[in-house]
Amino acid sequence: EGEGGITADRVATGPDPGGIAVGEDIYVARFRSDPGGGAIYRSGAGPITLPVHPGPDSDTVAGGVPTLIANLALSPDAQTLYIPALQANIRRGLLGTGQPLTFESSVRAALGVVDVHADSEDWSVRKQLDNQDRVIAAAPNPTGNFLAVAHPGTATIQILDAFRLDAVGSIHDAGEGVRGLIWAAGPVGDTVGAGTGILYVHAWLDREVRAYAMGEPGRMPELLWTQPLVAAEPLAPEVLLGKILFHTSRDPRISSDGYISCAGCHPDGDQDGLTWDFTSRGEGMRNTVSLLGRGDGTTATAMGWIHWSANFDEAQDFENDIRNAFGGTGLLSDADWAETSDTLGPPKAGRSADLDALAAFMASLTAAPTSPTAADATPERAALFAASGCDSCHPAPRYTDSALDALRLHDVGTLTPESGGRLGGALTGLDTPTLLGAQASGPWLHDGSAATLDEAIRRHSGAEIPALTEEEIAELARFAGAL
């Protein structure tokens with residue numbers, strides 16, 4: 001106990017700590033969940049597990065693992081924990097359930113509700129909110145009978161009955177990239193905001209905080225004021241537009257019914273740590289690849305081809321995912337789409353200002369995650385990396401041989417029947433992933449089947465790959481994890 005009666009406490013977390021809430025204990029969310037479920041770490045006991053929803057899928061409900069838990073919220077009595085999440089339906093696919101992934105079944109907005117003393121969340125109580133992207137934040141009102149939840153992709157805040165979790169109101173156009181909420185009592189003696197108080201909204205991509213006077217259900221919230229958070233916008237207009245498009249799901253050109261945004265699998269341009277069954281897309285099991293570090297400020301293909309199968313040669317090819325997987329009508333005109341739908345055919349660049357802005361944002365992602373073990377990239381390990389032939393596919397400084405001037409697909413012994421195909425044909429090999437930021441990119445390999453970097457290296461086999469001792473594998477893993 002320190003000065004002023006403040007008590008310092010610690011909570012031992014596992015991987016990828018995210019949102020925090022403080023009540024009787026400290027609660028820390030695991031941001032990206034394992035395929036088998038999520039976790040809330042807590043200081044006073046073991047973690048609260050977040051199980052996979054088993055389904056079945058319907059028009060309003062889908063199975064999946066709750067993930068991308070960036071925030072947590074506690075009820076006013078600190079006995080109920082609210083868990084904003086995206087529910088990722090990674091078990092669905094032709095190889096798993098025999099059902100193709102669709103824009104309606106891939107992801108769902110989800111809100112977990114759990115007693116703080118429980119050891120596991122009840123998946124059957126988890127609220128799924130239809131026609132929305134992820135829930136990124138939640139905030140109860142001061143009396144605890146209402147709950148605000150924020151959907152950044154649709155710029156929507158829904159007001160729920162905190163006990164039944166039914167929607168009783170909403171705020172539309174609440175700001176681009178809504179990221180944080182606080183619901184507080186109104187000022188003492190001030191009738192504005194009396195009743196159910198004032199809701200403060202962080203509209204991240206509008207660079208402002210908004211304050212809404214909240215009344216009883218049925219009364220339209222009143223926007224009281226906005227407060228800019230930056231004196232000058234740090235991003236170029238095209239990059240900012242692209243960043244907004246990357247994080248939006250409300251634009252029908254990008255997503256049908258508001259379910260999917262690019263950020264749903266690539267939070268802040270990174271990866272979701274999950275493996276998806278894209279067999280219905282003509283691919284196979286695909287571990288999500290981070291976009292961080294792939295740009296050089298000018299192009300998003302500074303690291304070469306896009307995707308494990310090298311099926312895109314420009315960032316504008318994500319128009320294909322928008323139209324085919326997201327259910328959007330597309331950012332290109334139908335005439336341009338008809339001419340350029342072949343991803344390795346005529347270029348899409350220069351045909352749509354919005355699609356070019358999306359590519360400009362991706363090009364701006366120039367920094368790969370910094371490794372906390374960078375000191376492990378010693379000269380001795382670098383020499384072992386070269387002597388083992390690793391640099392033939394992973395040459396410095398980008399640690400990949402992928403380049404658009406030539407197609408270099410490698411079969412290093414990791415392909416399986418579940419690896420699928422490429423562009424409607426056979427998959428003969430894989431595009432080399434960069435090792436920059438490798439420590440933060442797990443699970444590893446194209447199908448996410450390696451739980452550690454050591455295992456990913458161990459799985460490499462073939463005539464051109466020398467036999468390695470376990471000690472050498474461990475040293476190579478330390479080197480790769482340091483990049």
Side-chain angles (χ1 to χ4, degrees), residues 262 265-266 269-279 281-296 299-321 325 342-345 347-348 359 362-363 365-366 368-369 385 389-438 440-450 453 456-457 459-462 464-465 480 483:
C262 302
C265 288
H266 297 281
D270 205 348
Q271 48 89 30
D272 59 11
L274 298 174
T275 301
W276 296 83
D277 181 355
F278 287 161
T279 308
R281 301 187 190 183
E283 294 281 315
M285 299 302 295
R286 294 291 183 266
N287 179 18
T288 307
V289 175
S290 175
L291 303 176
L292 302 181
R294 297 191 66 93
D296 64 0
T299 177
T301 54
M303 292 282 189
W305 302 82
I306 298 174
H307 292 154
W308 288 97
S309 62
N311 61 352
F312 288 3
D313 63 2
E314 58 177 342
Q316 286 85 348
D317 282 329
F318 281 101
E319 174 82 358
N320 290 58
D321 282 346
D342 179 354
T343 57
L344 303 188
K348 297 178 177 70
M362 294 171 61
L365 302 176
T366 58
F385 186 80
C390 302
D391 62 352
S392 63
C393 294
H394 297 281
R398 291 176 174 161
Y399 290 93
T400 174
D401 64 357
S402 180
L404 296 181
D405 62 356
L407 183 63
R408 303 177 181 89
L409 300 181
H410 303 283
D411 181 1
V412 296
T414 59
L415 295 182
T416 72
E418 295 185 346
S419 299
R422 175 181 184 265
L423 296 170
L427 181 67
T428 59
L430 299 165
D431 189 53
T432 307
T434 179
L435 295 182
L436 296 178
S441 65
W444 293 268
L445 301 182
H446 72 284
D447 56 1
S449 59
L453 278 169
I457 296 169
R459 290 275 304 281
H460 284 55
S461 62
E464 298 179 2
I465 300 173
L483 298 175

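Atom set for the values below is all heavy atoms of this structure, side chains included, hydrogens, waters and symmetry mates excluded.
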Give, for atom [atom1] of [X] and atom [atom2] of [Y], the distance between the pair rounded to the nearest 0.5 Å.
X    : Y    : atom1 : atom2 : answer
N287 : T275 : CG    : OG1   : 4.0 Å
L292 : D270 : CG    : CG    : 4.5 Å
W276 : R286 : CH2   : CZ    : 15.0 Å
C265 : L274 : SG    : CG    : 8.0 Å
S392 : D401 : OG    : CG    : 7.5 Å

Salt bridge (charged side-chain N to carboxylate O under 4.0 Å, His left out): pairs with one or both residues in residues 308-318, sequence neighbours excluded: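 Qualifying pairs: D317-K348.
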
Heavy-atom pair with the smallest gap, counting every atom of [X] and [Y]:
X    : Y    : answer
T299 : T301 : OG1-OG1, 2.8 Å
G437 : A368 : N-CB, 4.3 Å
W305 : S402 : N-OG, 3.0 Å
R281 : A325 : NH2-CB, 3.3 Å
G273 : P443 : O-CD, 3.2 Å
M362 : A300 : CB-CB, 3.8 Å

Under 3.5 Å, is there a donor-acceptor pair linking the side chains of H410 and D431?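 No - no donor-acceptor pair under 3.5 Å links their side chains.
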
Polar side chain donor-acceptor pair, T343 to N311, under 3.5 angstrom: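 There is no such pair between these side chains.
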
Restricting to ring pair (Phe, Tyr, Trp, His ring centres under 6.0 Å), what partner residues turn up for H266, sequence neighbours left out?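 H266 satisfies ring pair (Phe, Tyr, Trp, His ring centres under 6.0 Å) with no other residue.
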
Could you go through the side-chain contact (heavy atoms from CB on, under 4.5 Å) check for H460 and C390 one step at a time? CA-CA 10 Å; H460 284 55; C390 302; over 6 Å; no

Any [X] side-chain heavy atom under 4.5 Å of [Y] side chain:
X    : Y    : answer
D447 : W308 : no
V412 : S461 : no
N320 : F318 : no

Hey, mind stepping through T366 and D296 against side-chain hydrogen bond (donor to acceptor under 3.5 Å, both in side chains) and telling me if it holds? CA-CA 5 Å; T366 58; D296 64 0; over 6 Å; no

Run L435 and R398 through side-chain contact (heavy atoms from CB on, under 4.5 Å) and show every step you take. CA-CA 8 Å; L435 295 182; R398 291 176 174 161; over 6 Å; no

Apply ring-ring contact (aromatic ring centres under 6.0 Å, His included) to the pair F312 and H307, showing each step before the final yes or no. CA-CA 7 Å; F312 288 3; H307 292 154; 4.6 Å; yes

List the residues meeting salt bridge (charged side-chain N to carboxylate O under 4.0 Å, His left out) with D405, not counting sequence neighbours, and say none if there are none.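 With neighbours one apart ignored, the set is R408.
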
Contacts table for residues 416-430: side-chain donor-acceptor under 3.5 angstrom, sequence neighbours left out:
residue	atom	partner	partner atom	Å
T416	OG1	E418	N	3.1
S419	OG	T416	N	2.9
S419	OG	T416	O	3.2
S419	OG	H446	NE2	2.7
R422	NE	S309	O	2.4
R422	NH2	A310	O	2.8

Can you list everything that forms a side-chain contact (heavy atoms from CB on, under 4.5 Å) with A450? Sequence neighbours excluded, please.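 Counting only residues at least two positions away or on another chain, A450 forms a side-chain contact (heavy atoms from CB on, under 4.5 Å) with W444, L445, E455, A456.
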
Check side-chain contact (heavy atoms from CB on, under 4.5 Å) between T279 and all other residues, then give those that pass, not counting sequence neighbours.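 Scan of T279 (side-chain contact (heavy atoms from CB on, under 4.5 Å), adjacent residues dropped) gives L94, L95, D277.
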
Going by the angle between their ring planes, with limits at 30° and 60°, are H394 and F385 parallel, tilted or perpendicular?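 If you compare the ring of H394 with that of F385, the planes turn out tilted.
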
Any donor-acceptor N/O pair, T400 side chain to T432 backbone, under 3.5 Å: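 The answer is yes, because a donor-acceptor pair under 3.5 Å joins these two groups.
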
